[in-house]
Structure formats: C-alpha cells, structure tokens
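Remarks on the structure that follows.
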Amino acid sequence: MTRKIFVTTALPYANGPLHIGHIMEYIQADIWVRFQRMQGHQLHFVCADDAHGAPIMLKAESEGVTPQQLVTRIAAGRRPYLEGFHLSFDHWHSTDSPENTQLSQDVYARLVAAGLVYRKSIEQFYDPVKGMFLADRYIKGECPNCHSPDQYGDACEVCSTVYAPTDLINPYSTLSGAQPVLKASEHFFFRLSDPKCVAFLKEWLDTPGRLQPQVVNKAREWLTGSGEQALGDWDISRDAPYFGIPIPDAPGKYFYVWLDAPIGYLAALQSYFDSGKARANGERRTFTEFLAAADTEQIHFIGKDIIYFHNLFWPAMLKFAGPPYKVPDHVYVHGFLTVSGEKLSKSRGTGISPLRYLELGMNAEWLRYYLAAKLNANVEDLDFNPDDFVARVNSDLVGKYVNIASRAASFITRHFNGQLAYQGDTEQLAALAAAHAFQVQQAYENREFGKAMRDIMALADRINHDFDARQPWVLAKDPARAAELQDVCSRALHGFKLLSVLLAPVLPHLAAHVALELFGLERRFAWSDAASLPERINPYQHLMTRVDAKMLDALFEAEPPAAPPPVPRAASAAAPAGVAAAGAVAQISIDEFKRIDLRVARIVEAETVAGADKLLKLTLDLGSDTRTVFAGIKSAYEPAALKGRLTVVVANLAPRKMKFGVSQGMVLAASGETPGLFLLTADAGATPGMKVS
RNA sequence: GGAAAGGUAGCUCAGCUGGUUAGAGCACGGCACUCAUAAUGCCGGGGUCGAGGGUUCGAGUCCCUCCCUUUCCA
C-alpha cells in the first residue's frame, strides 16, 4: 500500500539565519522523508518561515525597513542552507502569506462557532513612550525574591524564581527605558480548559504509537495539573502595533504569532498544491481533499522546547475546527544539539555556523552521517564533538564503507573488464541482503537512525572481513583462480551496493553517484535495489575524502564566539572559498605570502570582555598606531600576564565587526590536537611596528 | 519551587518485559597483511553500570532516598 504522507519541520523564526540546530532537525526529517520515498510512498515535505510577532516587528523597525522587507530578505537567504545540506523540501513558504491569513481566520471562525473563544479584559504592562503593550521579555526590573537587578519579567536568571512581570521591583521597558504602566485591554482566549478539549486531548495523548512516551508524560503533566499548575486558557490575541494576521471584526487586534505559526504548516501545503508542485509529485487531488482524506498521514518533526504548542494547542485547534482539518498523526520530538557539551545560544549564535561549514569545503554528508549515527527516537540531546566527528566519518564512511568499493573494484576493472560473476548460491546471497535491508528498514521507520547506522557498519565490517579472509590479492597472481577472484570481488561489490542503498537516505548525493556512475543505473537507488545482484561496474572513481582535523579547527576558530554579523553572506565574499576549501596544506607563492602584513606589536592593555567566554580585548601598540583586537585566548592567558608582551599581529586583516566592537587585526597563536594555546612572541630587541617576514 | 528526560569502559553509545563471566565502535598496546587516495584483519588491556538503601534464588534492568546534567513551567 502506498502511504500518503505530509511531513513538516518546525518553522524557523524569520529574524535571522538558520543555525546548526535547525539543520539538525531538517537532516533528521530529511533522512526519514528520503527513506519513505525510497519505499515508494508518496510524500510531501514542506516548511515555511515563521514571519510574525513582536521581535520581527521591532527588528525591522531598528533596521529601518518594513517587517515584510525583513522577512523577504531572510527568506531569500534560506536556499544555500537547504541545497548545501541536501535537504529535500518540496516547498518552502511563509506564514506572512494570503494562504495563512485565510486559513488562520477560517480556523478562528470555526473555533468561535464551536463556542471555544471568549473575550476578557486583562491588565498588562504598557510602554507609554513606545505606545505598545510589552511582552514579558521586554520588561526588566529587580527580582522580587533575591533582589538581583535587571531581571526579565517572567523569571529570575539568578535565583530562577518564576513570577509575573508585575511582581518586579522598579520595572522598566527594555525598548524605551520608560517605566511601564498597567493598562487594560480586551483579549481573546481559546478555551483550552473546556471539558471537551481536555477529554479530547487525553484521548489524543493516549493513542498508542502516536507520540513518544516521554512526550506523553510531559504533556499529561500539563493537562492534568492542579492548583497553580492547572491547565489555563490560551491568550490568542495581541494589540496593535503588531506584525500579524488581523482578527476579523476586531479592529486593532491580531492573532498571537503562535496561533498562525502551526497553521502555517497547512498554508505551506496549500501553496504547494496551488503551485502545481503536488500534482507534479503525483497527487491529483486538491489541497482540501488531500487534507481531509482519512489515509493522509500528517507528521510534524519538532524540538522539545515546543511540545506544549504542538501537543495541546495545535491538536485541539484542529480537532474543534473540524473537517477538512484533521489532527496530526504523529509529532516526533527531538532533543537539542550541543557542541562540545555546551548548549547553543540562539541569541548569541554560538556553535557551528552551517554556512561556514560549507564554505570551508566540508562535505554535508559527513554531517548527515554523523548526526544519523547519533540520532534515536528518544527526546535526548545530542552532542557534536569535533574529535568524535573526525573519528566516525573517517573510520566508518571512508575506512569501512567506501574502502570496500575502492579495494574490490580495481580487480574487476583490471582483470574482468568490469564484469561481475558469482560462484555458488546467488539466491541465498540475495536473500541475505534482503534480510539485512529489512532489519535496517525497521530502524529507519522507527527513527532509530543510530541503530540503522550500527547495523550498516556491522555489515561493512563483515564484508571487509570476508574479503580479507579470501585474500584476493593472492588469487590475482594465479590465473587459474580467476573465477574465484571474480567471485570474491563481485560479492564485495554486491555488498557495497547493498550498503549504498541502505545509506542512501543519509548520503543521497553519494548514493546517487554510486548508482549512476559506478553501477551504471539510469536512476537513483530504490529500496528494492538492496537485494538484487549487480552485474557489472564502471571504473571506480574515488567517492569520499577523509575529514582533515584542521577543517574542524577552522570551523571553530574562525567563528568568533560573538554573534555573527547581521548579514553573514557578506562574509563569504571576504573569504575566498577556494582558498579555504583547499585547506591549510595548500602551497602559496612568495608573492601571496607577501600580501600578509605581519607586524610586531606590544600589548599595552588586555582585558576581559563581559559576556564573552573566550575573548580578550587587547590594545596593541604597532609603533605608528594603536589598535583594538579581540583574541580568542581567554582560556590560556590571564589578562595581567599579557600586558607589556611583544607579539605578532596580522596588520592588514580586514576589520571584523563583532558584538563587542570592531577587531582591527589578529594576533598569532599556536594550537594543536592537544589542549593549549600559545601566543607567538618576538625576541628581545624587536620594537612595535617592525615588519615580520 | 514543580515536573520531564538522562547519568553504563578515556570518548560516543547499545543493553526488550530482571537470569549464565556487562557489549560495540573509536582511541590505546601488540601481531598480520598489502588489494585499497593508506585502508583492512586478528589478539589484548580497560567498567564496583552516579551514590546509598531495599525487593528477589538472582538487578545495569523493579522500589525508595540522595547527588549531578539537560530541559519545560504557556
């Protein structure tokens, strides 16, 4: 039976570029999606920019553009990420769209008709200077519990007490600095606490197989809480000024962004249908027919931070809006990505820059494999560890998998003109392959990618072992044993093809190359290719290079721990990709070297930078002028110990704007595989400003 | 503060409803091999399964308490 599946990933907020956490989620979903497509199922994979809300409105204002201009610019920057990491979305849309306006207003009208919306006047802080109501995060003040200053309006970061913004002592607006005043306004509420909602959600959560057990536990906690933890109704309106969808017949009122964001999944799907892409993908029905059909599976991949919205509000909205709306079949939740054990900071943009990864010439499939190897169906955080990354990719993908083709193909090409031939029972060989494929299929289906990768690599180990045991390099020296040699190599290449099919959801680019170039197929692999025995090959071309550990260094070092500049694409022009991609080992001419202006500098001042974990702010005397340079050497040096030292600085490096100021150069320091960072020094006698060559 | 998830070899992780001497990969040490963009094969060292109690003939696996990590609290 062909399944009809509609898959989404969480909509990224359109106030900035995608970070590595987004990419992880998309890769997880993409692997599953590609796996289902390989099974022959009909699948529609869509996503959109989440464009509404106060943060985008304010950011646009600060940049002097309209919110529409801001989100259009952000949307235009998505493509390099999606293509670069082989993310096979069928369509990418926006919540700031006519489809979403129409659908959101329709859902709202149906909820009103169902008696689940009511109005109530509430008092909220209002910024009299800015002329707008303030969300909690725009209000700061003194913590009522521990009296720490400058705490946000929802919780204290120092003592982690949770409170209301009105509890703050001496509150002020972070937008204008003004003291906020309480002001009443009528808000619209979705009656989530209505008995029929609660009854439905209990049933929804308890449906076997729908959700991960950990997620059900968490959601049930919210649903059945009592006292202060009791399930409350949901405030779905915001007052003007607000960038959002107007509420019908309610001037000056807009839908809260979290109402129209999930509806954006459907808006993206509708746009995909209306654009004709669904038809091109084999779906003849209309959007509404498809959405309403009983056999349409609606599946969302999300992170653990937005469980609340996706497992309470979203299904309740859909349920009581009624047909053609249908509740999600599954909401698959993943944990967060940490980097070297540290959590990413969305606001500070720490971690790995996805574009930087690509610019360095790093293979997207390395990352896809690494993440697949560590992903499972649980809601667990996943750590990106550079050493682990290098080891896994080099050992598994290059040493085990690619090596099989590399070592077997040359015999076939040289001795048998590309022709494969098997001795013994080929049906058994095919049956064994089918059994392996079935086992891996189960793991993929259940999103146990780590298990799938372990099974696949165990198979690669066996293939290498069998190949070794029969010593084909010995057979090759004896013409009488040619048939035996051909059999050994054919079996290895059959195994390689099987591995390639099984890895295709993770390594789509490589698998396509193997299918088309090495095995000479006229199409990409389908899952059913796993068991069939290949008959001939084309000459082997190398399939994948090893990760150079220096690339990981570059990935982390070149990226300042501060926020990336507002327009990261500009940075790509400054760093010639070709040079970076060639790696640190590429030779350069003396003329190229001369372009780098190295100078002796005296560190006249060194100080820590508030809010930066790794940076020191250095004031350098270069003889003729004085420069400010931010250096990522805090881990290795006390500021006091640096004062007065001579060091070497790249004097003609383009200034780089960082969160903390402009860095006008770079000091040189040595580092290696082992921890430690060592600043270069000039011998006594050198004076600031001297040229180094 | 309330709650959820997790804490297993140096690192990354498997261990289903409790059952023989706790597993894999990587890293490390030794050996072998040469077909492979230097990779593979074999052997080995290494863990009181966060801590402490308890249930049981038997617990990494169940119960209780505590500690640590991550996250959520609309």
Side-chain angles (χ1 to χ4, degrees), chain A residues 136 145 154-156 159-163 189-190 192-193 212-236 256 258 303-309 311-313 333 335-338 340-343 370 373-376 378-396 398-415 448 450-451 453-455 457-458 460-477 485 488-489 492 540-546 673:
Chain A
D136 293 355
N145 183 47
D154 49 357
C156 175
C159 68
S160 64
T161 302
V162 177
Y163 45 72
F189 287 82
F190 175 58
L192 192 67
S193 63
Q212 294 136 293
Q214 303 97 319
V215 175
V216 175
N217 283 347
K218 196 66 197 172
R220 195 182 285 128
E221 173 198 329
W222 292 318
L223 193 60
T224 61
S226 57
E228 291 222 335
Q229 304 292 322
L231 187 70
D233 293 334
W234 184 33
D235 185 349
I236 56 170
Y256 174 42
W258 262 110
K304 64 179 176 179
D305 52 330
I306 51 177
I307 291 175
Y308 200 98
F309 296 99
N311 290 289
L312 298 181
F313 295 144
V333 182
F336 292 156
L337 182 74
T338 59
S340 299
E342 287 183 35
K343 59 182 169 180
Y370 179 70
K374 301 186 81 163
L375 275 166
N376 58 32
N378 297 335
V379 191
E380 285 171 15
D381 292 352
L382 183 158
D383 190 49
F384 181 99
N385 180 292
D387 294 337
D388 189 34
F389 177 86
V390 173
R392 277 221 102 95
V393 170
N394 286 348
S395 166
D396 289 359
V398 183
K400 290 180 180 177
Y401 163 64
V402 165
N403 187 235
I404 293 170
S406 177
R407 66 195 307 201
S410 59
F411 287 116
I412 292 293
T413 301
R414 224 179 305 139
H415 296 268
E448 293 284 359
K451 177 166 169 31
M453 296 308 109
R454 283 195 300 278
D455 287 347
M457 285 308 143
D461 284 345
R462 263 190 48 187
I463 295 166
N464 273 312
H465 170 267
D466 292 350
F467 190 80
D468 249 59
R470 293 178 65 186
Q471 299 185 297
W473 53 93
V474 175
L475 301 179
K477 288 170 186 156
L485 174 65
V488 175
C489 295
Y540 173 80
Q541 306 163 322
H542 198 57
L543 292 168
M544 184 177 269
T545 55
R546 299 165 64 78
E673 308 270 316

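Convention: sequence-line order gives letters A, B, ...; per-chain numbering from 1. A quick note: this is a predicted structure, and the numbers were derived from the prediction, not measured.
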Strand partner of B/C26, provided both Watson-Crick or wobble distances fall under 3.5 Å: B/G10
Does A/Ser410 make a side-chain N or O approach to OP1 or OP2 of B/C35 shorter than 4.0 Å? no
Determine which nucleotide pairs with B/G1, using a 3.5 Å limit on both distances of a Watson-Crick or G-U wobble pair. B/C73
Ignoring the backbone of A/Trp222, work out which of B/C35, B/C73, B/U12 is nearest its side chain. B/C73
Using the P atom as the point on both nucleotides, what is the distance between B/G54 and B/U17, in whole Å? 25 Å
Expressed in whole Å, how much space separates the C1' atoms belonging to B/C63 and B/C26? 37 Å
A/Asp468 side chain: which of B/C35, B/C26, B/U70 is closest? B/C35
Taking B/C13 as the reference, what is the distance to B/G19 when you measure between their P atoms (whole Å, please)? 24 Å
Interatomic distance at C1', B/C67 relative to B/G53, whole Å: 15 Å
Pairing nucleotide - B/A51, Watson-Crick or G-U, each distance under 3.5 Å: B/U65
For B/A14 and A/Asn376 - does any side-chain N or O of the residue sit under 4.0 Å from the phosphate oxygens OP1/OP2? yes
Distance, C1' atom - from B/G15 to B/G25, rounded to whole angstrom: 15 Å
Verdict with supporting geometry, A/His465 and A/Asp461, side-chain contact (heavy atoms from CB on, under 4.5 Å): CA-CA 6 Å; A/His465 170 267; A/Asp461 284 345; over 6 Å; no
Taking any heavy-atom pair under 4.0 Å as a contact, classify A/His542: base, sugar-phosphate, or nothing. base
Find the distance A/Asp387:CG to B/A27:C1' and express it as a whole number of Å. 10 Å
Euclidean distance for P, B/A27 against B/U65 (whole angstrom): 43 Å
So what does A/Asp461 hit on the nucleic acid, given a heavy-atom distance under 4.0 Å: a base, only sugar-phosphate, or nothing? sugar-phosphate
With rounding to the closest Å, how many angstrom separate the P atoms on B/G52 and B/U70? 24 Å
Under 3.5 Å for both donor-acceptor distances, Watson-Crick or wobble: does B/A59 have a partner, and if so which one? none
Checking contacts here: which listed nucleotide (B/U70, B/C35, B/A74) is nearest the side-chain heavy atoms of A/Phe411? B/C35
Just how far, in rounded Å, is P of B/G25 from NZ of A/Lys400? 7 Å
Which base, if any, makes a Watson-Crick or G-U wobble pair with B/G46, both distances under 3.5 Å? none
Interatomic distance where CD belongs to A/Gln471 and P belongs to B/U34 [whole Å]: 8 Å
Can you confirm whether A/Ser406 sits close enough to A/Tyr540 that some side-chain heavy atom of one is under 4.5 Å from a side-chain heavy atom of the other? yes
Nucleotide nearest A/Ser395 (side chain, heavy atoms from C-beta), chosen from B/U70, B/G41, B/C26: B/C26
Please report the distance separating the C1' of B/C62 from the corresponding atom of B/U55, rounded so that it comes out in whole Å. 8 Å
Heavy atoms only, 4.0 Å cut-off, all strands: where does A/Asp388 land among base, sugar-phosphate and nothing? sugar-phosphate
Whole angstroms only, please: what is the CG-P distance between A/Asp381 and B/G6? 12 Å
Which of the following nucleotides, B/U12, B/A14, B/C33, is nearest to the side chain of A/Trp473? B/C33
With a 4.5 Å limit on heavy-atom distance, are the side chains of A/Leu543 and A/Tyr401 in contact? no
Output the rounded distance in Å from CD (A/Glu448) to P (B/C16). 12 Å
Quickly work out the A/Leu337 CG to B/U12 C1' distance and round it to whole Å. 14 Å
Closest nucleotide of RNA chain B for A/His465 versus for A/Met544: which of these residues is on the 5' side? A/Met544
Can you identify which nucleotide, out of B/C26, B/U70, B/A14, has its nearest atom closest to the A/Glu380 side chain? B/A14
Is there a side-chain contact (heavy atoms from CB on, under 4.5 Å) between A/Phe467 and A/Ile404 once you walk through the steps? CA-CA 9 Å; A/Phe467 190 80; A/Ile404 293 170; over 6 Å; no
Closest heavy-atom pair, A/Asp381 versus A/Phe336, reported as atoms and distance to 0.1 Å, is OD1-N, 2.8 Å
With a non-hydrogen cut-off below 4.0 angstrom, is A/Phe467 in contact with a base, only sugar-phosphate, or nothing? base
Would you say the rings of A/Trp234 and A/Phe313 are close, in the sense that their centroids are separated by under 6.0 Å? yes
Checking the side chain of A/Asp233 only, and the main-chain atoms of A/Leu192 only, is there a donor and an acceptor separated by less than 3.5 Å? yes
Close side-chain approach of A/Leu485 to A/Phe411, heavy-atom, < 4.5 Å: yes
Tell me which of A/Phe336 and A/Lys374 sits closer to the 5' end of RNA chain B, going by the nucleotide each one is nearest to. A/Lys374
d(CG, A/Leu231; P, B/C73) in whole Å: 14 Å
Could you tell me whether A/Lys451 contacts a base, only the sugar-phosphate backbone, or nothing, with contacts defined as non-hydrogen atoms closer than 4.0 Å? nothing
Taken to the nearest whole Å, CD/A/Gln214 to C1'/B/A5 is 7 Å
Given B/A74, B/G25, B/U40, which nucleotide is nearest the side-chain atoms of A/Arg407? B/U40
